[in-house]
Amino acid sequence: MSEDVRELLLSRIKDVPDYPKPGVMFKDITPLLADPKAFAALTQTLVGLAGRYGATKIVGLEARGFILAAPVAVQAGVGFVPVRKAGKLPGATLAQSYELEYGTAEIEVHAEDLAAGDRVMVIDDVLATGGTAEASLSLIRRAGAEVAGVAVLMELSFLPGRLKLAEALGEAPLDALIVV
């Protein structure tokens, strides 16, 4: 990704202090999504990564990951598969629990949407603690598919997401377009 694109993306991410609670600096990507030039640049960058990864399917993580991943799948000419919070998908699903700071959560994917031979790229907006991304990699492999790579718009370097994902990624790459 060029430095011009990185600067464009950064310039469209708004810091919102004390949201959702005091002491948190929220990174709001909605201004980036509202700017067609910035959103197109982000999409094209992720399409390039999908090609480099050899992806045949794109997984988007609920909820902002859907927004980023769907146009990438369309432009890359590959399938889009949503990974949802538990209980949101009808029919047969594969589920994966993961640890949160205070408890556990669960994500699901339709069992028939991923199969042996699929090379799956995971897209999300932010890599923070890495729990959701790590759980998605387990789901992909349990479905018989291969993890092609993980791409995020933003990595929060002060949190352990990259470290947590290291073992789960194996040889698959992790690309963060912006590291803060």
Side-chain angles (χ1 to χ4, degrees), residues 27 29-30 32-33 39 42-156 159-177:
K27 301 290 188 183
I29 69 165
T30 57
L32 187 157
L33 300 174
F39 194 15
L42 171 59
T43 301
Q44 286 307 313
T45 300
L46 292 171
V47 168
L49 287 175
R52 193 176 90 210
Y53 293 175
T56 61
K57 296 260 175 90
I58 304 289
V59 155
L61 303 182
E62 188 166 345
R64 289 178 299 267
F66 295 174
I67 298 166
L68 304 184
V72 173
V74 170
Q75 289 192 23
V78 300
F80 169 73
V81 179
V83 169
R84 307 265 345 243
K85 294 175 182 166
K88 301 287 185 181
L89 291 171
T93 61
L94 293 174
Q96 183 68 44
S97 295
Y98 61 99
E99 297 295 319
L100 298 170
E101 188 175 356
Y102 301 106
T104 61
E106 189 172 61
I107 56 173
E108 296 179 330
V109 66
H110 273 134
E112 72 274 4
D113 288 347
L114 298 173
D118 287 333
R119 288 187 45 80
V120 183
M121 175 182 182
V122 176
I123 295 179
D124 204 5
D125 64 328
V126 175
L127 175 61
T129 62
T132 308
E134 182 183 40
S136 75
L137 300 181
S138 293
L139 280 177
I140 290 164
R141 290 187 176 112
R142 285 178 47 217
E146 180 184 347
V147 175
V150 175
V152 295
L153 168 59
M154 213 176 345
E155 178 182 352
L156 305 180
L159 293 173
R162 183 171 288 269
L163 184 63
K164 183 174 185 104
L165 282 181
E167 185 177 335
L169 281 164
E171 298 296 316
L174 166 61
D175 284 289
L177 304 184

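Fair warning: this is a prediction, and the values are worked out from it, not measured in the lab.
Residues Leu114 and Ala145 share a closest heavy-atom pair of CB-CB, 4.3 Å. Residue Ala55 comes nearest to Ala148 through the heavy atom pair CA-CB, 4.5 Å, listed as atom of the first residue, atom of the second, then distance. Across every non-hydrogen atom of Ala50 and Ile58, the tightest pair is CB-CD1, 4.1 Å. Closest approach of Ala172 and Val147 over heavy atoms only: CB-O, 3.6 Å. Closest of all the heavy-atom pairs between Ala128 and Leu156 is CB-CD1, 4.1 Å. Considering every non-hydrogen atom in both Arg162 and Ala176, the closest pair reads NH2-CB, 4.0 Å.
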Sequence neighbours left out, cut at 3.5 Å: what donor-acceptor pairs do the side chains of residues 82-96 make with other protein atoms?
unit_1 : atom_1 : unit_2 : atom_2 : d
Arg84  : NE     : Glu62  : OE1    : 2.9
Arg84  : NH2    : Glu62  : OE2    : 3.4
Gln96  : OE1    : Arg142 : NH1    : 3.1

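Residues Thr43 and Val72 are in side-chain contact: their nearest non-hydrogen atoms beyond the backbone lie under 4.5 Å apart. At a threshold of 4.5 Å between non-hydrogen side-chain atoms, the residues Tyr98 and Thr132 count as touching. The shortest side-chain heavy-atom distance between Leu46 and Leu177 falls under the 4.5 Å cut-off. A heavy-atom distance below 4.5 Å is not found between the side chains of Val78 and Met121. Using a 4.5 Å heavy-atom cutoff, the side chains of Asp113 and Val59 are not in contact.
In this structure, the separation between CG on Leu169 and CG on Leu174 is 5.5 Å, given to the nearest 0.5 Å. Annotation: the span from Gln44 atom CD to Gln75 atom CD amounts to 4.5 Å, rounded to 0.5 Å. Interatomic distance, Leu127 CG to Lys164 NZ, rounded to the nearest 0.5 Å: 11.0 Å. Taken from CD1 in Ile29 to NZ in Lys27, the straight-line distance is 13.0 Å, to the nearest 0.5 Å. Summarising the geometry, atom CG belonging to Leu153 is positioned 12.5 Å from atom CG belonging to Asp175; distances are rounded to the nearest 0.5 Å. Residue Asp118 holds its CG atom at 4.0 Å from OG1 of Thr56, rounded to the nearest 0.5 Å.
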inquiry  = Apply side chain to side chain contact (heavy atoms under 4.5 Å, CB included) to residues Leu165 and Leu137 and explain how you reach the verdict.
reply    = CA-CA 9 Å; Leu165 282 181; Leu137 300 181; 4.1 Å; yes
request  = Could you go through the side chain to side chain contact (heavy atoms under 4.5 Å, CB included) check for Val81 and Val120 one step at a time?
outcome  = CA-CA 9 Å; Val81 179; Val120 183; over 6 Å; no
query = Are Ile67 and Phe39 close enough, and set up right, to give a side chain to side chain contact (heavy atoms under 4.5 Å, CB included), and what steps lead you there?
reply = CA-CA 10 Å; Ile67 298 166; Phe39 194 15; 4.1 Å; yes
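Ser97 places no side-chain N or O within 3.5 Å of a backbone atom of Glu106 that could act as its donor or acceptor partner. Using modelled atom types, no side-chain atom of Arg64 and backbone atom of Val126 make a donor-acceptor pair closer than 3.5 Å.
The one candidate from Leu68, Val152, Val122 that meets the side chain to side chain contact (heavy atoms under 4.5 Å, CB included) condition with Leu61 is Val122.
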